[in-house]
Amino acid sequence: MHAANPGPEALRQRADYYDRIGTRHMTPLWEVLGALVPPQPRSPAQAHLWRYAELRDQVMEAGRLISAEEAERRVLVLENPALRGQSCITQSLYAGLQLIMPGEVAPSHRHTQSALRLVLDGEGAYTAVDGERTTMRRGDFIITPAWTWHDHGNLGDQPVVWLDGLDIPIVRFLDAGFAERSEQPAPQPSRPEGDAAARYGANMVPLDHQPRPADPARVFVYPFARTRSSLVGISQGAPDPHHGFKLRYVNPATGASPMPTIGTFAQRLPAGFETSAVRSTDGTVHVCLEGAGEARISGLSGDFTWRFQENDVFVVPSWHTLQLRADRDAVMFSFSDRPVQQALGLWREERL
Ligand code: GTQ
């Protein structure tokens, strides 16, 4: 930090001292302070793009190697190239591609980790959350709040693939993970499809509904058709220069993020529109649901320019700038740990 040039003898004495205090499990702060308290975020994560066209065959190959039942969840984890072996796409979030084949069941379980699903490919599958099934359609955003029972099944005749996003690294960091398997692998639904949306998702709630902070959100499906029509509906006005036409998903009964640990967003970029560069402290996973375009990312892990199209997934680490350009009208989904950072007063965004 401050200019000082210790001689070889002083350095030897220090090294000897570090060794001696090391035997008592201590270490000198002054050797690590700059790395511990950096002037700005220094994420070890790397920006990366996964092209669905290149992944699809490998996902399908897993369908021939292992059943959903044996795997419990047949998922290819998208690992950040700089964080291999840690099952994370950013420091705080996990992402994976889950496959369920016709006739299969992914058995019922629950865990303290929260999950989101973004349906990418195929139709005929359902996911069930605390007794209610929902039919999965492309682009639907579905949540599995912490500690809710959930199972998946495929009643159709096509393989179905969706993107999973979970807060696994956050719960691991906090050492707060619990999980259990149900005795019934595929429980019969106890409520009809659409029940939660009718009770909690139509700008009304039941008379006695008083949710407490730890209660799970009741609305667990955000159908793509509704998201899309909202994005088209706001496209009459002027686009935000940095975000285009962008909305965040909320729990309609509270106005809060659908999950306390994962923020979720949908964005429309008209053909030809290019956003101005923006960076924020929440490393973010982006998925192209419609259209095609180009993403330019710049930061500690390098400078990248990628063309993206439908079902491509890319990750932008903390404090990397992002610019998006749509070649065709594009609809993007994204998720990050923003609600955690905001609750802690840490979140920052810089619009350049
Ligand atoms: O579908 O319940 O990708 O428990 C990882 C863990 C999916 C799930 C994942 C899980 C699930």
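Each ligand, and each atom within it, is numbered from 1 in the order the structure gives.
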Between Ser280 (side chain) and Glu349 (backbone), is there a donor-acceptor pair under 3.5 Å?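 Checking the backbone N and O of Glu349 against the side chain of Ser280, no donor-acceptor pair under 3.5 Å is found.
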Strictly distance-based, threshold 3.5 Å: is any side-chain N or O of Asp337 a donor or acceptor partner for the main-chain N or O of Gln341?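 It does not hold such a pair.
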Hey, is Arg351 close enough to Asp240 for a salt bridge, meaning N to O under 4.0 Å?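 The answer is yes: the pair qualifies as a salt bridge.
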Please test Glu180 against Arg110 for salt bridge (charged side-chain N to carboxylate O under 4.0 Å, His left out), starting from the C-alpha separation and ending with a verdict. CA-CA 6 Å; Glu180 59 187 21; Arg110 64 176 177 173; 2.7 Å; yes
Any chance you could lay out the side chain to side chain contact (heavy atoms under 4.5 Å, CB included) test for Thr321 and Val278, step after step, and finish with the verdict? CA-CA 5 Å; Thr321 59; Val278 59; over 6 Å; no
Within the protein, residues bringing a heavy atom under 4.0 Å of ligand 1, chain by chain: Arg73, Val75, Tyr94, Gln98, His109, His111, Arg117, His150, His152, Asp164, Leu166
Looking only at side-chain N and O atoms, does Asp303 offer a donor or acceptor that is under 3.5 Å from a partner on Ser298?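 A donor-acceptor contact under 3.5 Å links the two side chains.
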